[in-house]
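Just the heavy atoms: all of them, side chains too, but no hydrogens, waters or symmetry mates, feed the values below.
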Amino acid sequence: MKQILIVEDEKIIAELERDYLEAHGFKVEIAADGDSGLKLGMSGEYDLIILDLMLPRINGFDVCRQIREKHNVPILMVTAKKEDIDVIRGLGLGADDYITKPFKPGELVARVKAHLARYERLIGMKENKEQIRIHGLLIDYGARRVFVHDQEVILTTKEFDLLYFLALNPNRVFSKDQLFEKLWGMDALGDSQTVTVHIRKLREKIEIDASKSQYIETVWGAGYRFRL
């Protein structure tokens, strides 16, 4: 049984989310503030975390950032304001998806199922190739670490997944829409511009000269490909 952690200070909303998820076969625990949510999230015992943005004690931004530094668990962030979504993206916190209040409980359950399935597929990719070494770049899937010419670079979860997916499929062109669907999912809030932002950040971290890409090539009018 998959275990879900809900970090939500509004009791009615938290219990409603819990009831719907339990009805669909999930085991659910609730944390009512950022401090307790962080402690539970850092335990590594959960398969997915539903994290409200505005929390007492520690806000959702900081909770997400600290959990992501240690664990690769899918994180679904919840906000009451649509404008917060751009802030979440811009900070590169590594959240897997975002949902805006009010939302239908059925939509939440669908998002949870989709991200759990996607996470399992990405884990399955691990079995295909544990490490990838290309032109001074080492991608270690098991440790989820990346090195460029023996120097480690720190990536967010989605940056790592994007790089690993492209490197698993060298010389193949993927459009922004294809990458968004494969790594974020069509049900994810946002659009293919999210891919552009993540590609830019990836290049800044792994390329010697981000304007002259050695690894991730832009194919104008088509998308991106990993150069072999």
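- At most 12 non-hydrogen atoms from other residues, nucleotides or ligands lie less than 6.0 angstrom from OH of Tyr20.
- Between Glu159 and Arg203 there is no salt bridge, since none of the side-chain N atoms of the basic residue sits less than 4.0 Å from a carboxylate O of the acidic one.
- Summarising the local packing, CG of Asp209 is surrounded by more than 12 heavy atoms from other residues, nucleotides or ligands at distances under 6.0 Å.
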Quiz item: Should Ile4 and Lys27 be marked as a side-chain contact (heavy atoms from CB on, under 4.5 Å) after you check the CA-CA gap, both sets of side-chain angles, and the distance that decides it?
Solution: CA-CA 6 Å; Ile4 310 296; Lys27 182 178 179 180; over 6 Å; no
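- Side-chain rings of Trp184 and His115 stay apart, their centers remaining 6.0 Å or farther from each other.
- Judged by distance alone, the side chain of Asp33 and the main-chain N or O of Ser36 form a donor-acceptor pair under 3.5 Å.
- At least one side-chain heavy atom of Lys101 sits less than 4.5 Å from a side-chain heavy atom of Ile13.
- Taking the side chain as every heavy atom from C-beta outward, Leu166 and Leu179 approach each other to under 4.5 Å.
- With a 6.0 Å radius and a threshold of 12 heavy atoms from other residues, nucleotides or ligands, Ile208 has its CD1 atom at or below the threshold.
- Within the 6.0 Å centre-distance limit, the rings of Phe174 and Phe165 are counted as a close aromatic pair.
- In summary, Lys205 and Glu152 do not engage in a salt bridge, as defined by a charged side-chain N under 4.0 Å from a carboxylate O.
- With Ile50 as the partner, the side chain to side chain contact (heavy atoms under 4.5 Å, CB included) test is satisfied by one option alone out of Leu21, Val7, Leu5: Leu21.
- When side chains are defined from C-beta on, Thr196 counts as touching Tyr224, because their heavy atoms get closer than 4.5 Å.
- Aromatic pair Tyr141/Tyr164: ring centres closer than 6.0 Å.
- With 3.5 Å as the limit, one finds no donor-acceptor pair spanning the side chains of Arg65 and Thr156.
- In this structure, the side chain of Glu8 engages the main chain of Glu10 through a donor-acceptor pair within 3.5 Å.
- Panel note: side chain Tyr215, backbone His135; a donor-acceptor pair is recorded below 3.5 Å.
- Of the charged side-chain nitrogens involved, none lies within less than 4.0 Å of a carboxylate oxygen, so that Arg144 and Asp140 do not count as a salt-bridged pair.
- Heavy-atom neighbours of Arg57 CZ from other residues, nucleotides or ligands within 6.0 Å: at or below the threshold of 12.
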